[in-house]
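Just so you know, these numbers use all the heavy atoms, side chains as well, and skip hydrogens, waters and symmetry mates. Below, read A as the first sequence line, B as the second, and so on, with proteins coming before strands; counting in each chain starts at 1. None of the values given here were measured: they were computed from a predicted structure.
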Number of protein chains: 2
Amino acid sequence: MKQTAGRNPPGEGLRERKRRETAKRIKETGIRLFIERGYDAATIDDIAAEAGISRRTFFYYYKSKDDILMSLQSALGDILAERLREEPDDKRPLDAVRDAALRVSATVPKDEMLVLDRLMRSSEAVQARKVASYVQHEGTLFAALREKWPEPERETALRLIAMLSFGAVRLSLDAFNREGGKRPLVELLRDAFDVLEAEI
Amino acid sequence: MKQTAGRNPPGEGLRERKRRETAKRIKETGIRLFIERGYDAATIDDIAAEAGISRRTFFYYYKSKDDILMSLQSALGDILAERLREEPDDKRPLDAVRDAALRVSATVPKDEMLVLDRLMRSSEAVQARKVASYVQHEGTLFAALREKWPEPERETALRLIAMLSFGAVRLSLDAFNREGGKRPLVELLRDAFDVLEAEI
DNA sequence: TGCAAACTTGCACTGAGTGTAGTGTAATTT
DNA sequence: AAATTACACTACACTCAGTGCAAGTTTGCA
C-alpha cells in the first residue's frame with residue numbers, strides 16, 4: 001500500500017500534476033508575452049525560454065502557437081453545454097439556452113475577455129480560428145440540445161435554435177468587445193435574446 | 001495616333017491585361033496542384049515554377065498560400081449582396097434574401113464546389129478561414145440589407161435576418177457538401193428557408 | 001531492482017512569409 | 001524621341017513555425 005497511495009495524496013500521480021503545471025506555465029507565459037510584445041513578435045523560442053522548457057517541448061504540449069489561444073476559447077462551447085444540461089426540461093429550448101448562457105456570462109472575467117479579444121484581432125489566422133470555433137460550439141450546443149430533447153421530429157428545429165441562440169451569443173460577445181466592455185455582457189445577452197423573441 | 005491608341009484596342013493598357021493574366025495563371029496553377037498533390041504537399045515553389053514566375057512574385061500577387069483559395073470564397077458574399085440589390089423592395093427582407101440566394105445557387109458549378117470543399121477540409125487553417133469568411137459575408141449581407149431598408153428601427157431585426165439567412169445558406173452548403181452533391185443546392189436552400197419559416 | 005512508458009531535449013530539415021535592393025519594361029512627361 | 005517615373009519581376013538572405021528522429025532522463029509500476 002505504499003507504492004502508489006503514498007505518493008499521490010491529492011489524487012493522481014505526481015506525473016499528472018507536473019504535466020498540468022507545465023502546460024499551465026507555458027500557457028500563461030505565452031499569453032503574457034503575447035500581451036507584452038504582440039502575438040507575432042512573441043516567438044516560440046521566447047515563450048519556451050521564459051517558461052523554462054525547450055522549444056521542442058513546447059510542441060509536446062501545444063500543437064501550434066495559436067493552440068494556446070484556442071485552448072482558452074474552446075472551453076466556451078463545453079461550459080455552455082454543461083450549464084444547459086442543468087436546466088429543467090420543461091423550459092422551451094430557446095429559453096433554456098438563454099438562461100444557461102446568462103449563467104455562464106456572469107462568471108466570465110471581463111478584463112480577461114477584452115484583452116484576449118484584442119489579442120486575437122492582431123492576427124488574421126487566429127481571428128479566423130476563433131470565429132471557426134464559434135461554429136464548432138454551435139455544433140456542441142446542438143448535440144447538448146438533442147440530448148435533452150431527443151425526439152427526432154425536433155431535430156431541424158433544434159439545429160435552428162442552436163444556430164439562432166449561438167448567433168445571439170456571438171452578436172453579444174462582438175458588441176461587448178466592440179464597445180470595450182462598457183455594458184455588462186449579461187445585459188447585452190438579455191437584449192439579444194429579447195430581440196430574438198420579438199423579431200421571430 | 002499609333003503611339004497609345006494602337007496598342008490597347010481592348011481598353012486599358014497591356015500592363016493591366018498581363019497582370020490579370022498572370023494572377024489568373026497563378027491561381028489556376030495553384031488550384032490544379034492543390035488538387036493533384038493536396039494542399040500541404042503543393043509548395044509555393046512548385047506553384048511558382050509551374051506558373052512560370054519566381055517564388056517572390058507569387059507573394060507579389062497573393063499575400064499567402066491560402067489567399068488563392070480565399071480569393072474564390074470571398075466572391076460569395078459580394079455576389080449575394082449584388083443579387084439582393086436587384087430584388088424588389090416590397091418583398092419581406094427574408095424572402096428577398098432567399099430569392100437572391102436561390103438565384104446565386106443556380107449559377108454555381110456543382111463539381112467545382114465539391115472539389116474546393118474537399119480541398120479546404122484538408123487544411124485546418126484554410127477551413128478556419130473559410131468559416132470565418134462566412135461570418136464576414138454575413139456582415140456584407142447585413143450592409144446590403146440596410147442599404148435597402150435603411151429605417152434605423154429595423155437595424156437589429158436586419159442584423160438578425162442576415163444571421164438567420166446566412167445561417168440557412170451555411171447549413172445548405174454544408175449539407176450539399178456532406179452528401180456529395182446528391183441533391184441540388186437550390187433544393188436544399190429552399191428546404192432550409194422553409195424550415196426557417198416554419199420554426200420561427 | 002528493473003523495465004516500460006512518459007517526458008524532455010538537441011539537431012537538422014522543410015516550407016511560409018518578409019525585407020531589400022536591383023533589373024527591365026510599360027507608361028508618362030517634356 | 002529622350003528622359004523620367006511607375007510597375008512588374010527577380011535573386012538573395014533572413015526569421016520563424018512546425019516536424020522527424022534519435023537520443024537522454026524521469027516516473028510509475030511489478
Hey, is the side chain of [X] poking within less than 4.0 Å of OP1 or OP2 on [N], counting only N and O atoms?
| X | N | result |
| --- | --- | --- |
| Tyr60(B) | dA8(D) | yes |
| Ser64(A) | dA17(D) | no |
| Tyr61(A) | dC7(C) | no |

Nearest-angstrom distance from the residue atom [atom1] of [X] to [atom2] of [N]:
| X | N | atom1 | atom2 | result |
| --- | --- | --- | --- | --- |
| Asp40(B) | dG15(C) | CG | P | 11 Å |
| Glu124(B) | dT19(D) | CD | C1' | 16 Å |
| Phe59(A) | dG18(D) | CZ | P | 5 Å |
| Arg37(A) | dC16(D) | CZ | C1' | 15 Å |
| Arg55(B) | dA11(D) | CZ | P | 12 Å |
| Glu21(A) | dC7(C) | CD | P | 14 Å |
| Glu16(B) | dT25(C) | CD | C1' | 16 Å |
| Arg17(B) | dC7(D) | CZ | P | 19 Å |

So what does [X] touch, heavy atoms closer than 4.0 Å: a base, only the sugar-phosphate, or nothing?
| X | value |
| --- | --- |
| Phe58(A) | nothing |
| Lys18(A) | sugar-phosphate |
| Thr43(A) | sugar-phosphate |

| message | Which nucleotide wins on minimum distance to the side chain of Ser54(A), given the candidates dA17(D), dT10(D), dT9(C)? | response |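 Nearest to the side chain of Ser54(A) among the choices is dT9(C).
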| Of the nucleotides dA16(C), dT10(D), dA17(D), which has the atom closest to the Thr57(B) side chain? | dT10(D)
| task | Report the residue (Ala41(B) or Arg19(A)) whose heavy-atom-nearest nucleotide on DNA chain C is the more 5′ of the two. | result |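 With Ala41(B) and Arg19(A) compared, the 5'-side residue is Arg19(A).
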| query | Taking for each residue the nucleotide of DNA chain C bearing the nearest heavy atom, is the 5' side occupied by Arg15(B) or by Lys63(B)? | reply | Lys63(B)
| What residue among Lys148(B), Arg103(B), Arg92(B), Arg98(B) forms salt bridge (Lys or Arg N to Asp or Glu O under 4.0 Å) with Glu87(B)? | Arg103(B)
| message | Salt bridge or not between Glu138(B) and Arg159(B)? Use side-chain N to carboxylate O under 4.0 Å. | response |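 No salt bridge links Glu138(B) with Arg159(B).
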| said: Using a strict threshold of under 4.0 Å (side-chain N to carboxylate O), is an ion pair present between Glu21(B) and Arg25(B)? | reply: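 No, no charged N to carboxylate O under 4.0 Å.
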| task | Identify whether NZ of Lys or CZ of Arg in Lys65(B) sits under 6.0 Å from the centre of the six-membered ring of Phe34(B) and within 45° of that ring's axis. | result | no
| request: Step by step, work out the side chain to side chain donor-acceptor pair (under 3.5 Å) result for Asp46(A) and Thr43(A). | output: CA-CA 5 Å; Asp46(A) 295 341; Thr43(A) 71; 3.2 Å; yes
| field | Polar pair under 3.5 Å, donor/acceptor by atom type, side chain Arg56(B), base dG19(C) | value |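 Yes, a donor-acceptor pair under 3.5 Å.
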